[in-house]
A.B. asks: 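Before I ask anything, here is the structure I am working with.
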Amino acid sequence: MTQPVPHTARPVRRQRSASRSGVVLRRWKTPKGDLIVSLLTPQGKLRAIARGGLRGKHAGALNLFHHVGLQVYARPGDELAVIQQASLEGALPRLALPERHPYAHLLAELADLLFQEGEADEYGQQAFDLFAGALRGVAHHHDPEWVALVMSYKLLALAGFPQRTRMCARCGAADPQHPDPFGGELLCGRCSHQRALSPSSLDFLRGVVRRSVRENMDHPVPAEDRAPLWLGLERFVGVQVGRVRSWPHLHAG
Amino acid sequence: MTQPVPHTARPVRRQRSASRSGVVLRRWKTPKGDLIVSLLTPQGKLRAIARGGLRGKHAGALNLFHHVGLQVYARPGDELAVIQQASLEGALPRLALPERHPYAHLLAELADLLFQEGEADEYGQQAFDLFAGALRGVAHHHDPEWVALVMSYKLLALAGFPQRTRMCARCGAADPQHPDPFGGELLCGRCSHQRALSPSSLDFLRGVVRRSVRENMDHPVPAEDRAPLWLGLERFVGVQVGRVRSWPHLHAG
Amino acid sequence: MKYPPSLVALIRELSRLPGIGPKSAQRLAFHLFEQPAEDIERLSAALLAAKSELHTCPVCFNITDAELCDVCSDPSRDQNLICVVEEPGDVIALERSGEYQGLYHVLHGVLSPMNGVGPEQLHIKELLPRAREGLEVILATGTTVEGDATALYLQRLLEPLGAEVSRIAYGLQVGSALEYADEVTLGRALLGRQKIRG
Amino acid sequence: MKYPPSLVALIRELSRLPGIGPKSAQRLAFHLFEQPAEDIERLSAALLAAKSELHTCPVCFNITDAELCDVCSDPSRDQNLICVVEEPGDVIALERSGEYQGLYHVLHGVLSPMNGVGPEQLHIKELLPRAREGLEVILATGTTVEGDATALYLQRLLEPLGAEVSRIAYGLQVGSALEYADEVTLGRALLGRQKIRG
Amino acid sequence: MKYPPSLVALIRELSRLPGIGPKSAQRLAFHLFEQPAEDIERLSAALLAAKSELHTCPVCFNITDAELCDVCSDPSRDQNLICVVEEPGDVIALERSGEYQGLYHVLHGVLSPMNGVGPEQLHIKELLPRAREGLEVILATGTTVEGDATALYLQRLLEPLGAEVSRIAYGLQVGSALEYADEVTLGRALLGRQKIRG
Amino acid sequence: MKYPPSLVALIRELSRLPGIGPKSAQRLAFHLFEQPAEDIERLSAALLAAKSELHTCPVCFNITDAELCDVCSDPSRDQNLICVVEEPGDVIALERSGEYQGLYHVLHGVLSPMNGVGPEQLHIKELLPRAREGLEVILATGTTVEGDATALYLQRLLEPLGAEVSRIAYGLQVGSALEYADEVTLGRALLGRQKIRG
Ligand SMILES: [Zn+2]
Ligand SMILES: [Zn+2]
Ligand SMILES: [Zn+2]
Ligand SMILES: [Zn+2]
Ligand SMILES: [Zn+2]
Ligand SMILES: [Zn+2]
């Protein structure tokens with residue numbers, strides 16, 4: 001009597017199902033009423049489509065910034081994985097508050113730009129934890145602006161875009177202290193005509209990557225000194241990473 | 001220069017779309033989450049399926065007793081027409097009231113039994129108007145029981161099941177006045193051991209089909225005399241038409 | 001070709017399950033055939049164990065394997081709140097929402113005379129003794145005509161008993177645009193509008 | 001085979017329409033080819049007429065062909081009620097529900113910084129002068145995070161101006177069973193429960 | 001609320017297009033309203049241009065803007081092969097497959113007596129003069145009952161004229177598993193099996 | 001709330017079945033809970049019986065409960081025809097088509113190196129001894145790249161053994177219009193055209 005081929009040797013079907021869990025970075029409506037979402041997961045970024053999502057049972061879970069568990073189904077050759085089931089694992093309703101909403105957008109837009117699809121490298125889990133923590137901070141911390149600033153610099157560094165703070169970005173001189181109006185890094189006094197940054201701002205820029213999130217949060221730069229930091233960040237991202245549409249709306253709330 | 005074949009000569013495509021408007025008589029959920037509805041329309045009864053209807057955008061419109069406009073799509077050979085669009089044309093929320101709800105069920109169940117699918121005969125419009133009027137009456141009239149009784153007899157007659165009231169259902173004798181405990185029609189004094197019906201009940205039974213709805217409504221049988229009429233109706237329908245599950249629940253409200 | 005009777009029997013039993021048509025039943029049967037014997041035995045045992053160990057809670061008619069269900073026997077649940085639902089699955093859905101800390105009452109159906117379901121076919125008479133002053137009963141039957149009728153019927157019975165009676169909200173599902181809501185729902189969502197939380 | 005340029009042009013223009021992919025555009029083009037010339041001319045004229053005659057109402061930003069839109073110029077509408085919506089299509093949806101007799105204000109979008117939409121991209125500054133004591137503003141933006149954020153933003157601006165501010169209800173769509181609602185919506189439907197109307 | 005007549009007219013014209021229901025027509029109309037005037041004018045002009053410039057080729061009844069269509073006027077196409085199809089759109093589908101280098105003949109329909117379509121409503125009489133010894137006619141009407149009936153009808157007419165007549169293959173679509181094919185197709189696929197190319 | 005362990009176990013086992021997600025498994029479990037005990041016992045028994053009684057036919061690897069399967073042991077089947085398929089379910093599909101009277105050979109998979117499936121993981125070595133002069137082998141693996149690759153691999157092995165080798169037809173599924181077929185299938189349908197049966 002012959003037994004069938006054992007299960008492990010059986011060919012995988014053309015289609016693959018997978019479970020993923022992540023935070024919704026963006027969502028697009030297609031004209032047909034489908035929903036395309038981009039998520040950050042511990043295994044990297046994922047884009048998937050929920051058919052009929054705008055009127056379907058997934059619309060609730062697949063909201064911006066929601067942490068969702070997905071069952072996706074991808075056939076080789078399909079451009080996008082199809083979402084079969086979606087369940088909410090966590091929501092931060094306070095991100096809709098006017099003083100917090102724009103920062104959540106900035107962080108999600110940055111994350112969407114910084115991480116590529118299918119890149120499941122060793123930093124995946126770290127990136128996911130950092131981003132999820134950033135959203136939690138923006139939702140609940142009394143100073144969401146500071147959370148956004150710290151976490152933006154942290155995300156940039158993790159994605160391989162650390163700012164140079166030890167040498168002038170133009171001439172290479174040591175100990176630069178002035179903002180670079182074009183590249184967003186630091187310039188020496190000879191290369192820049194702008195006023196030097198405040199000591200606490202300089203300390204922040206030089207330490208943000210190396211220090212823990214907690215340490216950074218505990219030593220905020222005074223609110224009135226943050227404008228040059230935001231400006232530097234915007235320039236740096238614009239030059240190194242790409243266009244971020246949230247900038248003009250950051251201080252609208 | 002050759003012109004194309006004029007439009008009128010062009011073959012109709014294999015699929016047909018149609019617009020229908022009617023009242024939902026019944027709805028069934030399929031295990032997949034589709035919704036099958038049976039509607040009474042001026043063109044006869046129609047059964048159609050709304051795919052994913054239970055979670056879809058049609059769930060609201062396709063409720064019991066709703067008057068809906070449908071866009072259906074039927075391919076020859078398909079068992080059920082598929083609902084593509086559904087919009088509400090009228091709802092009677094008061095039909096959910098405990099003292100009215102069971103009568104609406106009775107009328108819908110009767111209509112579903114009495115009218116066959118695809119029968120678009122000359123009575124279609126009349127049947128639809130009668131049934132729609134019956135539901136409106138049950139929803140708004142101060143005496144929904146009386147509406148249901150009158151309209152049930154009217155619907156039966158229109159569907160070709162008039163009661164014989166001029167001769168004893170067993171021996172044919174004239175002027176029968178006693179209830180028939182088995183067939184639900186009338187018996188003479190010799191054929192029945194039951195008490196004769198009240199004069200107003202007899203007058204109702206003999207006149208209900210011929211008189212207008214308005215006339216019938218204006219001359220209600222006193223509530224305390226209606227029990228034999230309901231019993232007769234139940235027996236008559238049971239024998240002539242088929243099983244109606246609403247009976248035991250008529251006076252539960 | 002004649003199929004082996006035990007294959008035919010398995011396909012027939014599987015196709016009795018809701019949502020599983022004859023083609024899926026056949027696919028499932030072939031899939032099961034390829035699985036190791038232990039897997040089949042575990043599924044078979046799970047079926048028998050579930051059937052023999054589970055029953056409905058005598059208080060709320062939720063599914064349980066104990067004398068009282070896990071909600072009824074938990075003193076930390078809010079004893080002044082009962083949520084009335086149609087089916088045991090609804091309890092799971094509400095628990096998963098994480099927004100509810102009260103008790104339940106499972107009707108096991110809705111009023112539907114044309115389907116032969118009246119009050120005595122549901123667990124309504126067991127709900128009435130639970131009603132009292134200071135209790136809020138949330139009627140969370142579905143938003144169909146039958147669900148509404150059941151809610152109205154219960155409200156008439158419960159209010160004279162001193163309970164406060166409320167109905168789960170009708171409105172837009174979360175994540176929706178207005179254009180994807182039907183007219184009936186939109187009308188209800190407007191009527192049910194609430195003062196915004198600042 | 002090279003396609004006739006005018007056919008190619010028509011397919012290209014049609015496939016720019018939302019929801020119409022290249023295959024549907026081609027099917028539409030062939031369909032139009034078979035229609036009588038008058039039908040095509042009527043469609044073409046309707047396009048041009050709509051574009052030249054329609055504009056947004058200067059008060060509520062609804063679509064109109066008159067100086068004021070049909071709602072703003074109707075004195076029988078409730079002048080103490082303004083419903084704020086995202087798009088002109090939402091006005092039609094609400095009118096169709098038959099439950100609303102007040103005025104409108106169409107934002108033409110929602111706040112969405114990552115898409116470059118801030119308050120100044122929407123018709124918000126034109127809403128503020130309409131606010132006053134005795135007015136109720138119903139915020140009927142979608143139930144997405146962006147719709148919520150827009151509602152909260154407007155509530156902060158409108159309340160100091162004396163208007164009462166409410167939000168369209170979240171909950172179960174009409175005709176739904178609990179098991180088909182997602183957890184987020186279920187939670188909102190429980191929180192938003194309302195005293196039942198007897 | 002009364003909608004502006006030009007909006008109503010546009011929605012009505014759009015909803016006449018196949019596959020566009022009233023809701024989609026409304027969405028399209030609002031979309032068009034938001035587009036720049038040039039885009040609308042370009043669409044409108046494309047419609048009129050297509051209608052005035054396009055007609056059917058007098059030989060094969062394909063769509064063209066020239067005296068003869070691009071296939072009929074191309075001497076490099078195989079003149080000994082004519083593929084008979086139902087609709088002009090089928091020509092595009094076959095051209096896109098890249099597997100065909102012969103000529104076409106577009107019937108503009110299929111035989112369907114119950115819809116009033118007999119041989120004289122189709123471009124059949126214009127096909128017969130094209131038949132001759134040495135010509136292969138591929139009947140590529142659809143695989144429906146009507147498509148089959150039309151193919152058999154043509155075969156009876158064409159064979160006596162000396163043409164070789166073949167039928168497009170029935171079978172499994174590429175990329176399919178057997179379990180997803182219906183029984184009729186499977187039966188045809190077995191009957192139509194071909195010696196494998198090594 | 002904690003769910004009863006036997007309920008959790010049943011849901012877990014059910015959700016292992018292909019095509020049954022966690023939500024469907026939950027719905028199934030609640031459904032089973034409502035069924036009479038006999039039904040559950042019958043399902044459970046059917047599972048165990050199928051597993052213990054069924055095995056693969058040692059000749060063709062179809063599923064059977066006898067020494068040889070019903071096809072192999074039927075002398076009236078055409079012994080000069082073997083149809084090679086991927087899975088036991090394909091045998092049922094072909095039998096249902098009613099067009100086939102020969103024998104089968106079930107490979108239990110297709111070549112798919114990236115999934116670790118090479119010739120030795122399939123029942124190929126058992127097919128070769130069945131090949132001989134006068135036999136036609138119909139390769140009815142799926143029309144995927146893997147199915148094609150498997151067919152070509154088998155053809156190379158079988159032809160030298162004297163068997164005639166054919167491939168199931170590619171083409172339009174029955175009931176289809178050309179415009180709904182993809183280009184690859186259309187190209188294959190043209191190439192595979194057959195002389196029409198008059
Ligand atoms: Zn320098
Ligand atoms: Zn008598
Ligand atoms: Zn309990
Ligand atoms: Zn206006
Ligand atoms: Zn031509
Ligand atoms: Zn065998």
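A note on names: the letters A, B, ... follow the listed sequences, proteins ahead of strands, and every chain is numbered from 1. Below, each value reflects all heavy atoms present in this structure, side chains not excepted, and no hydrogens, waters or symmetry copies.
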A.B. asks: Counting only non-hydrogen atoms closer than 4.5 Å, does E/Arg12 touch chain D with its backbone (N, CA, C, O), its side chain (CB onward), both, or neither?
C.D. replies: neither
A.B. asks: Is there a donor-acceptor pair under 3.5 Å between the side chain of D/Arg156 and the backbone N or O of D/Ala151?
C.D. replies: no
A.B. asks: Please classify the contact between D/Ser52 and chain E as side chain, backbone, both or neither, with a heavy-atom cut-off of under 4.5 Å.
C.D. replies: neither
A.B. asks: What do the steps show when you test D/Gln79 against D/Leu103 for side-chain contact (heavy atoms from CB on, under 4.5 Å), and what is the final call?
C.D. replies: CA-CA 6 Å; D/Gln79 307 290 317; D/Leu103 306 176; 3.6 Å; yes
A.B. asks: Of the listed residues (E/Val91, E/Leu17, E/Leu14), which shares the most heavy-atom pairs with chain D below a 4.5 Å separation?
C.D. replies: E/Leu17
A.B. asks: Using a cut-off of under 4.5 Å on heavy-atom pairs, state which of D/Arg77, D/His55, D/Glu87 scores highest against chain E.
C.D. replies: D/His55
A.B. asks: So, E/Asp90 and E/Arg96, do they make that salt bridge, N to O below 4.0 Å?
C.D. replies: no
A.B. asks: Strictly less than 4.5 Å between heavy atoms, which residues of residues 63-76 of chain D line up against chain E? Please order them by number.
C.D. replies: D/Ile63, D/Thr64, D/Asp65, D/Asp70, D/Val71
A.B. asks: Hey, what do you get for CG (E/Leu107) to CD (E/Glu126), rounding to the nearest 0.5 Å?
C.D. replies: 10.0 Å
A.B. asks: Would you check if the side chain of E/Lys125 reaches a backbone N or O of E/Glu120 as a donor-acceptor pair within less than 3.5 Å?
C.D. replies: no
A.B. asks: Please work out whether the ring planes of D/Phe61 and D/His123 are parallel, tilted or perpendicular, with thresholds of 30° and 60°.
C.D. replies: parallel
A.B. asks: Count the heavy-atom pairs under 4.5 Å between each of E/Ser24, E/Ala9, E/Pro88 and chain D, then report the option with the highest count.
C.D. replies: E/Pro88
A.B. asks: Tell me which of these, D/Gln26, D/Arg42, D/Lys23, has more heavy-atom pairs under 4.5 Å with chain E than the rest.
C.D. replies: D/Arg42
A.B. asks: Between the side chain of D/Thr185 and the main-chain N/O of D/Ala181, is any donor-acceptor distance below 3.5 Å?
C.D. replies: no
A.B. asks: Would you confirm whether D/Arg167, through its side chain, and D/Leu139, through its main-chain N or O, come within 3.5 Å as a donor-acceptor pair?
C.D. replies: yes
A.B. asks: Side-chain contact, heavy-atom cut-off 4.5 Å: D/Asp39 with D/Leu32?
C.D. replies: no
A.B. asks: Can you tell me how far the CD atom of D/Glu136 sits from the CG atom of D/Asp78, to the nearest 0.5 Å?
C.D. replies: 9.0 Å
A.B. asks: Is chain E contacted by the side chain of D/Glu41, its backbone, both, or neither, given a heavy-atom distance below 4.5 Å?
C.D. replies: both
A.B. asks: For D/Ile92, is it the side chain, the backbone, both or neither that has a heavy atom under 4.5 Å from a heavy atom of chain E?
C.D. replies: both
A.B. asks: Among the options E/Ala50, E/Pro18, E/Ala46, pick out the one with the most heavy-atom pairs lying under 4.5 Å from chain D.
C.D. replies: E/Pro18
A.B. asks: Would you mind checking which part of D/His108 comes under 4.5 Å of any heavy atom in chain E, side chain (CB onward), backbone (N, CA, C, O), both or neither?
C.D. replies: side chain
A.B. asks: Mark yes or no for whether E/Ser176, through its side chain, and E/Leu172, through its backbone, hold a donor-acceptor pair below 3.5 Å.
C.D. replies: no
A.B. asks: From D/Leu81 CG over to D/Ile138 CD1, what is the distance, rounded to the nearest 0.5 angstrom?
C.D. replies: 4.0 Å
A.B. asks: Which one of E/Ala93, E/Gly89, E/Ala49 has the most heavy-atom pairs closer than 4.5 Å to chain D?
C.D. replies: E/Gly89
A.B. asks: Which answer fits D/Leu28, side chain, backbone, both or neither, if we ask what part of it has an atom under 4.5 Å from a heavy atom of chain E?
C.D. replies: side chain
